[in-house]
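Heavy-atom basis, side chains included; hydrogens, waters and symmetry copies ignored.
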Amino acid sequence: MPGPDDARNWSALQMWLGECGAMIDPSGLIQVATPQGQEVARPGDWIVLSVSGDFHVARVRGLAFDA
């Protein structure tokens with residue numbers, strides 16, 4: 001997920017997700033249609049397209065990364 005101020009990559013993400021994704025608010029949250037239902041992805045999460053064509057939201061919990 002791009003940061004909230006990264007307009008270029010937000011545009012690319014929205015095109016890639018198509019109707020399976022919807023921006024929730026300008027803070028960088030996006031709702032993604034997954035096989036388990038609607039999930040909210042936040043900056044730092046990964047949105048993965050599986051071989052079956054389904055999107056999944058992946059998170060790394062409890063780990064901090066330096067840029």
Side-chain angles (χ1 to χ4, degrees):
M1 289 274 303
D5 298 329
D6 190 348
R8 187 177 121 231
N9 285 319
W10 266 105
S11 177
L13 176 61
Q14 289 174 325
M15 277 193 332
W16 182 63
L17 289 171
E19 52 189 53
C20 289
M23 191 169 203
I24 294 175
D25 61 36
S27 67
L29 303 177
I30 194 162
Q31 188 168 332
V32 182
T34 71
Q36 292 78 30
Q38 299 293 329
E39 290 194 45
V40 175
R42 295 163 179 76
D45 290 347
W46 288 82
I47 300 174
V48 181
L49 179 61
S50 68
V51 108
S52 66
D54 295 320
F55 288 106
H56 301 271
V57 177
R59 296 179 179 87
V60 177
R61 297 189 191 275
L63 296 177
F65 295 98
D66 292 328

Please name all residues satisfying side-chain contact (heavy atoms from CB on, under 4.5 Å) with Ala33, sequence neighbours left out, ordered by chain then number.
Cys20, Gln38
With the side chain counted from C-beta on, respond yes when Met23 and Gln31 share a heavy-atom pair under 4.5 Å apart, and no when they do not.
no
Measure the shortest side-chain to side-chain distance between Glu39 and Phe55 over non-hydrogen atoms and say whether it is less than 4.5 angstrom.
no
Sort and list the pairs that fulfil side-chain hydrogen bond (donor to acceptor under 3.5 Å, both in side chains) and have at least one residue in residues 12-23, not counting sequence neighbours.
none
What's the verdict on side-chain contact (heavy atoms from CB on, under 4.5 Å) for Ile30 and Ile24, showing C-alpha distance, side-chain angles and the deciding distance?
CA-CA 5 Å; Ile30 194 162; Ile24 294 175; 5.8 Å; no
Taking every non-hydrogen atom, the tightest pair across Leu13 and Pro2
CD2-CD, 3.9 Å
Could you list the donor-acceptor pairs under 3.5 angstrom formed between side-chain atoms of residues 41-54 and any protein atom two or more places apart in sequence or on another chain?
residue: Arg42; atom: NH1; partner: Val40; partner atom: O; Å: 3.3
residue: Asp45; atom: OD2; partner: Arg42; partner atom: N; Å: 2.8
residue: Asp45; atom: OD2; partner: Arg59; partner atom: NE; Å: 3.1
residue: Ser50; atom: OG; partner: Ser52; partner atom: N; Å: 3.4
residue: Ser50; atom: OG; partner: Ser52; partner atom: OG; Å: 2.8
residue: Ser50; atom: OG; partner: Asp54; partner atom: N; Å: 3.4
residue: Ser50; atom: OG; partner: Asp54; partner atom: O; Å: 3.2
residue: Ser52; atom: OG; partner: Asp54; partner atom: OD2; Å: 3.1

